[in-house]
Amino acid sequence: MSDNQWGPPGQYPPQQPPQGPYQPPTPYQPGQPPYGPPGGQPPYGAQPPSGQPQYGGQAPAGQAPYGGQPPYGGQVPPPGPLAPQPWQPQPGQPGYSARPPMQQLPHGLGWGAPPPGGPHGPGGPYHPQGPHGPRKKSKAIWFIAPLIVVGVALLGLRVVSSALKDSGPDDYSSPVIPTATTSSSADPSAEPSVGASPDNPTVAPTTRPPAPRPTVTKPTAPRTTNPPVRRGPTDYEIVSRNRIYASGAMPSVGCRESSARPSSAAGARANYAQLRACLNRSWTAMVQRSGATFRPPTVLTFTGVVQSPCGSMSDTGPPFYCSTNETIYMNLREDVGNYNRYPQSYQKVWARMWMLHQFAHEYGHHVQSLTGILEANHDMRYEAPTRAAELELTRRLELQASCFSDVFIGANRRTYPVTGQAQTQWRWLIGHVTDHANDHGDAPNHAYWALRGYNSRNPAACNTFTAPSARVR
């Protein structure tokens with residue numbers, strides 16, 4: 001019997017465009033579009049939308065320049081020779097006539113020169129013939145002419161200087177790096193000009209191809225392959241495919257029955273000690289071959305009520321095994337009482353065979369505990385859906401313990417011996433057990449599994465967990 005009292009086994013939201021005054025574009029990078037007007041403006045030289053002045057021109061009085069904002073950074077083109085000069089008629093004065101607005105020239109050539117003829121030429125605001133007719137010659141012209149020549153010369157120098165300074169790219173465009181530039185300027189720090197002039201010949205600028213970036217190979221950590229995690233066996237696999245079934249046939253260890261008779265507690269204890277030593281020798285190699293660690297059980301005897309880690313038991317019941325402390329509890333009252341109850345010799349033989357069978361049966365539960373069968377069966381019983389299923393699992397466990405018991409008896413039947421009257425009484429008792437609680441198996445099935453163990457002497461014959469239900473009733 002086994003009376004184990006185990007418990008259940010253990011993104012960020014889209015950002016709005018930046019507000020505030022315009023920021024000049026970043027320096028030119030390869031892949032950016034070539035020079036052109038700022039975004040939203042017509043191409044240079046193209047006509048603006050209907051009703052708007054040309055790019056860079058003057059808007060009607062009271063309106064902002066074309067585009068609605070002052071030129072980038074509030075800058076305007078430098079005052080050129082076309083601006084009204086102090087000696088020219090000012091707006092509101094006699095002789096003033098407005099010039100047509102100057103068109104923007106292609107980028108890179110700077111601001112334009114004055115119309116041919118100078119301020120007093122054919123395109124200027126002054127004409128010799130006016131409403132008053134020709135003037136009388138005056139000697140003052142000989143004094144004014146040198147001043148005019150000097151003024152024109154100074155103005156020409158200013159135009160040339162302005163053209164040289166303003167011939168480079170404007171603030172709102174991205175610069176390019178010319179591949180070759182020849183300049184007559186003596187200033188080595190002067191910026192290279194991209195404007196063509198007789199004194200400053202240039203070649204067509206080209207964009208320098210980007211320097212190839214070195215390829216950096218990022219070191220990679222060595223790839224480690226974790227071995228697949230092997231799942232543990234299920235409770236059913238533990239009880240039905242346990243390696244104890246492959247441990248082979250049990251050899252005889254030459255076990256002999258104790259010469260003491262269980263007519264007293266001392267005689268019974270002598271038989272228990274003898275059987276324990278024989279069973280230890282028989283099962284050690286079998287358990288080890290199954291991969292489990294062998295540990296011999298403790299044997300305690302009791303009369304009356306005994307306390308154990310698995311609960312309290314009375315001597316009115318059978319012996320039991322407690323897996324918590326791996327101890328076999330033998331009921332002295334039963335074994336001594338059976339031997340002394342009947343005076344006939346065959347009855348005494350029966351009492352000795354019954355004691356042998358009971359002790360080896362409880363040792364069978366110890367083997368189940370060492371190999372994991374006992375615990376797995378307990379878990380299966382705990383999870384059983386019905387009481388009937390739980391009782392069937394209990395019978396499978398108890399019938400297997402009887403089979404293990406008779407593996408040992410069969411292996412040592414010649415030396416013990418189990419012959420003659422002993423064999424007769426053994427065969428009778430295995431087929432006449434009673435099972436009032438329906439938890440150990442009926443007599444026919446008990447005899448079936450006991451004989452399988454006895455005849456085969458091999459734990460493989462004791463796999464009650466794969467047997468049909470009819471064989472474990």
Side-chain angles (χ1 to χ4, degrees), residues 242-262 267-299 319 321 326 328 330 335 346 348-371 373 398-431 433 446-464:
N242 200 284
R243 292 173 62 184
I244 193 65
Y245 305 140
S247 59
M250 178 182 288
S252 172
V253 294
C255 184
R256 295 184 179 274
E257 184 183 12
S258 173
S259 59
R261 293 297 180 251
R269 291 191 181 97
N271 279 269
Y272 302 152
Q274 180 75 356
L275 288 172
R276 177 181 180 273
C278 291
L279 285 159
N280 287 343
R281 295 198 306 270
S282 297
W283 282 106
T284 298
M286 308 289 284
V287 170
Q288 290 173 345
R289 282 200 290 270
S290 74
T293 301
F294 179 82
R295 295 179 301 274
T298 302
V299 177
Y321 172 79
E326 297 183 342
I328 297 172
M330 294 302 296
D335 290 333
Y346 71 92
K348 295 186 182 298
V349 173
W350 170 86
R352 288 163 34 215
M353 290 298 103
W354 180 253
M355 182 177 61
L356 166 65
H357 178 78
Q358 287 285 75
F359 191 97
H361 174 96
E362 299 307 327
Y363 199 103
H365 284 312
H366 181 62
V367 174
Q368 290 173 328
S369 177
L370 295 176
T371 56
I373 294 174
E398 297 295 339
L399 290 171
Q400 184 180 72
S402 286
C403 185
F404 285 168
S405 166
D406 291 301
V407 166
F408 164 76
I409 295 173
N412 294 276
R413 59 189 168 184
R414 296 187 182 278
T415 58
Y416 194 77
V418 182
T419 58
Q421 189 64 24
Q423 189 179 57
T424 300
Q425 296 301 323
W426 174 82
R427 288 182 179 274
W428 189 88
L429 69 86
I430 64 172
V433 296
H446 185 271
Y448 172 81
W449 291 104
L451 285 171
R452 282 177 65 90
Y454 181 87
N455 292 327
S456 69
R457 299 162 304 208
N458 194 321
C462 301
N463 192 351
T464 57

* **For P251, all residues meeting side-chain contact (heavy atoms from CB on, under 4.5 Å), sequence neighbours excluded** => none
* Asked: With distance as the sole test, does R276 use its side chain to make a donor-acceptor pair with the main-chain N or O of F359 at under 3.5 Å?
  -> no
* Partner set under side-chain contact (heavy atoms from CB on, under 4.5 Å) for A401, not counting sequence neighbours -> H361, H365, Q368
* Just jot down the side-chain contact (heavy atoms from CB on, under 4.5 Å) partners of A246, sequence neighbours excluded, or say none. => none
* Structure fact -> Applying side-chain hydrogen bond (donor to acceptor under 3.5 Å, both in side chains) to E257 and not counting sequence neighbours gives R352
* To do: Would you please name every residue forming a ring pair (Phe, Tyr, Trp, His ring centres under 6.0 Å) with H446, sequence neighbours left out?
  => H357
* N458: what forms a side-chain contact (heavy atoms from CB on, under 4.5 Å) with it, not counting sequence neighbours? -> A249, S456, A460
* Asked: Got a sec, which residues hit side-chain hydrogen bond (donor to acceptor under 3.5 Å, both in side chains) with R413, two or more places apart in sequence or on another chain?
  -> none
* **Evaluation steps, side chain to side chain contact (heavy atoms under 4.5 Å, CB included), between S247 and I244** => CA-CA 5 Å; S247 59; I244 193 65; 3.9 Å; yes
* Sequence-distant partners of R452, salt bridge (charged side-chain N to carboxylate O under 4.0 Å, His left out), two or more places apart -> none
* Do you know the tightest heavy-atom contact between F404 and W283? -> O-CZ2, 3.6 Å
* Asked: Short question: side chain of Q288, backbone of F294 - any donor-acceptor pair under 3.5 Å?
  -> no
* Asked: What residues, two or more places apart in sequence or in another chain, satisfy side-chain hydrogen bond (donor to acceptor under 3.5 Å, both in side chains) together with N280?
  -> Y363
Which pairs would a plain distance check flag for residues 414-422, meaning a side-chain donor or acceptor within less than 3.5 Å of a matching protein atom at least two apart in sequence or in another chain?
unit_1 : atom_1 : unit_2 : atom_2 : d
T415   : OG1    : C255   : N      : 3.4
T415   : OG1    : C255   : O      : 2.8
T415   : OG1    : N412   : O      : 3.3

* Under the ring pair (Phe, Tyr, Trp, His ring centres under 6.0 Å) test, which residues partner W449, sequence neighbours left out? -> none
* With no hydrogens and no angle check, is any side-chain donor or acceptor of S402 less than 3.5 Å from a backbone partner on L399? -> no
* Asked: salt bridge (charged side-chain N to carboxylate O under 4.0 Å, His left out) with R295: which residues, sequence neighbours excluded?
  -> E326
* Asked: Quick check: are there more than 12 heavy atoms from other residues, nucleotides or ligands sitting under 6.0 Å from CZ of R256?
  -> no
